[in-house]
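Here the structure is laid out as structure tokens; the discussion comes afterwards.
Along the sequence shown, residues are numbered consecutively beginning with 1.
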Amino acid sequence: MDATSEAVLRRTIRNVLLSEVASVPNTVFSDMNEILMAAFIAGASGPKDIGRTVGKDAAQQFASRAAQVKKALGNDAAPRIDVEIANGRVMAQSALDWAASHRFGNPVEVYWTARPGALQAALDAAGSGQATPGHPADVAVVFDTGSVLGISAKATKGTGDIGFKNPGWGSVAAKLGIDAALANELMDAALARVDKRALAMSKSERKARLRSSDALKTKADAAGRAVLSKLRDAVFAELDALPANKLRDFVLETIVDASSVMNPPYIKVTAMGGGSKAKVTDPGTDPMYAAISSGRIGVATARDDSIVFTTKGGALFQLRLKFESQMLASSVKMSAEPAAKGKR
């Protein structure tokens with residue numbers, strides 16, 4: 001490669017890296033959404049009341065996340081933050097309405113559970129035993145009846161169903177006895193065939209490198225899909241070999257968090273349409289979870305990257321493997337989604 005071509009490549013990589021910096025990770029908005037929902041449940045009128053209603057740590061985290069959004073989005077930050085405020089408000093009201101209809105009482109303490117020990121602190125405040133390890137609650141509410149309710153929060157710009165769980169590759173691999181290193185081994189082998197120079201780069205540099213030309217990105221995406229297919233096959237082989245009761249337990253405990261011993265009980269609240277409405281799902285009564293608990297579960301492969309879970313009544317949901325962002329340059333994730341989502 002001559003000096004001119006090398007300089008063009010360096011500029012291209014730099015521009016891609018700058019565009020990545022300008023984007024805001026979903027975890028930033030998730031934190032803001034959860035904290036705002038907690039604050040509104042506790043009686044806040046807006047973000048300024050987070051410290052008073054949820055605590056200093058939550059207020060500091062919200063301020064830090066808001067600063068990230070402002071830095072990345074500039075003049076577009078304010079309307080984007082307003083969306084999260086609307087999401088938090090509608091989610092809080094939906095959660096309170098659900099709790100009232102199920103006679104939980106009035107909220108007296110609200111905890112943002114991202115901090116270690118916060119969920120257990122909520123249970124301790126009510127004398128309600130030990131928290132289930134790996135509990136999915138993002139917020140815990142203690143009521144004047146002595147009850148504790150966990151809330152798992154999600155948000156989507158649309159109004160349809162979204163993925164309801166994002167289990168990590170490592171945790172699923174460990175549950176099924178698969179070596180978690182398999183993902184990196186397959187990625188490195190594929191990358192060596194696509195572009196050996198990228199193999200020695202950091203993930204951010206690798207991402208920029210693979211996006212520096214359409215031809216290279218096309219090759220990386222094709223190789224990445226092959227990696228996902230191999231990982232899907234490894235997961236499917238283990239799931240398909242499980243006895244019926246073990247497969248059901250895996251789904252209830254790892255994918256949908258509906259184990260009968262979940263403490264505290266919890267609901268899932270999803271904001272939709274940019275804060276226009278919210279949907280509440282109770283894992284204990286949702287028809288899909290009831291079908292999982294009572295029916296015999298089967299598995300089948302779909303597309304190049306998915307496993308469909310079925311019962312006698314039909315498809316329940318699918319577990320899709322994906323890269324967090326750029327194929328071969330980011331972590332492997334999983335998404336449990338409604339079975340009708342995407343092409344099958």
What are the two closest heavy atoms between [X] and [Y], and how far apart are they?
{"X": "P167", "Y": "A336", "result": "CD-N, 4.5 Å"}
{"X": "L328", "Y": "A190", "result": "CD2-CB, 4.0 Å"}
{"X": "A77", "Y": "V69", "result": "CB-O, 3.8 Å"}
{"X": "V194", "Y": "A223", "result": "CG2-CB, 3.7 Å"}

Let me check something: do [X] and [Y] share a hydrophobic cluster, defined by ILVMFWY side-chain heavy atoms less than 4.5 Å apart, either directly or through other members?
{"X": "V148", "Y": "V280", "answer": "no"}
{"X": "V332", "Y": "F236", "answer": "yes"}
{"X": "V110", "Y": "I151", "answer": "yes"}
{"X": "I41", "Y": "L119", "answer": "no"}
{"X": "W112", "Y": "F40", "answer": "yes"}

Treating [X] as the side-chain partner and [Y] as the backbone partner, does any N or O pair qualify as donor plus acceptor under 3.5 Å?
{"X": "Q93", "Y": "A278", "result": "no"}
{"X": "T132", "Y": "N263", "result": "yes"}
{"X": "S276", "Y": "M272", "result": "yes"}
{"X": "Q120", "Y": "G117", "result": "no"}
{"X": "D138", "Y": "A153", "result": "yes"}
{"X": "S212", "Y": "R209", "result": "yes"}
{"X": "T113", "Y": "A137", "result": "yes"}

Is there a salt bridge (Lys or Arg N to Asp or Glu O under 4.0 Å) between E84 and R80? Walk through the geometry before answering. CA-CA 7 Å; E84 295 311 317; R80 187 63 182 83; 2.5 Å; yes
Pairs in or reaching into residues 51-62: which pass side-chain hydrogen bond (donor to acceptor under 3.5 Å, both in side chains), with residues at least two apart or in two chains? D31-Q61
List the steps, then state whether side-chain contact (heavy atoms from CB on, under 4.5 Å) holds for V235 with I178. CA-CA 8 Å; V235 173; I178 300 170; 4.1 Å; yes
Atom [atom1] of [X] with >12 non-hydrogen neighbours under 6.0 angstrom:
{"X": "N75", "atom1": "CG", "result": "no"}
{"X": "D214", "atom1": "CG", "result": "no"}
{"X": "R296", "atom1": "CZ", "result": "no"}
{"X": "D249", "atom1": "CG", "result": "yes"}

side-chain contact (heavy atoms from CB on, under 4.5 Å) for V139 and V141? Distances and angles first, verdict last. CA-CA 7 Å; V139 171; V141 185; 4.2 Å; yes
Determine whether the side chains of [X] and [Y] contain a donor N or O and an acceptor N or O closer than 3.5 Å.
{"X": "R303", "Y": "S306", "answer": "yes"}
{"X": "N166", "Y": "K154", "answer": "yes"}
{"X": "D49", "Y": "S45", "answer": "yes"}

Checking side-chain contact (heavy atoms from CB on, under 4.5 Å) for the pair T270/M91: CA distance, chi angles, key distance, verdict? CA-CA 7 Å; T270 304; M91 292 172 75; over 6 Å; no
Measuring from [X]:[atom1] to [Y]:[atom2], what's the distance to the nearest 0.5 Å?
{"X": "K268", "Y": "T281", "atom1": "NZ", "atom2": "OG1", "value": "7.5 Å"}
{"X": "I307", "Y": "F317", "atom1": "CD1", "atom2": "CZ", "value": "9.5 Å"}
{"X": "M334", "Y": "R320", "atom1": "CE", "atom2": "CZ", "value": "11.5 Å"}
{"X": "M37", "Y": "S94", "atom1": "CE", "atom2": "OG", "value": "10.5 Å"}
{"X": "I35", "Y": "F62", "atom1": "CD1", "atom2": "CZ", "value": "7.5 Å"}
{"X": "F250", "Y": "I297", "atom1": "CZ", "atom2": "CD1", "value": "10.5 Å"}

Evaluate the side-chain proximity of [Y] to [X]: yes if any heavy-atom separation is below 4.5 Å, no if none is.
{"X": "D305", "Y": "K322", "result": "no"}
{"X": "L191", "Y": "R206", "result": "yes"}
{"X": "Q318", "Y": "F309", "result": "no"}
{"X": "K333", "Y": "W169", "result": "no"}
{"X": "M187", "Y": "N184", "result": "yes"}
{"X": "L36", "Y": "N87", "result": "no"}
{"X": "R248", "Y": "V251", "result": "no"}
{"X": "L149", "Y": "P264", "result": "no"}

Assess whether salt bridge (Lys or Arg N to Asp or Glu O under 4.0 Å) is satisfied between D304 and R232, documenting all intermediate values. CA-CA 8 Å; D304 293 327; R232 187 278 310 272; 5.5 Å; no
Dump the intermediate steps for side-chain contact (heavy atoms from CB on, under 4.5 Å) on Q326 and R211, then the final yes or no. CA-CA 8 Å; Q326 173 59 46; R211 292 178 177 179; 3.0 Å; yes
Measure the acute angle between the ring planes of W98 and F104, then classify it against the limits of 30° and 60° as parallel, tilted or perpendicular. tilted
Pair K217 + D221, salt bridge at N-O below 4.0 Å: yes
Show the numbers, then the answer: is there a side chain to side chain donor-acceptor pair (under 3.5 Å) between S325 and K207? CA-CA 9 Å; S325 54; K207 186 181 300 182; 3.0 Å; yes
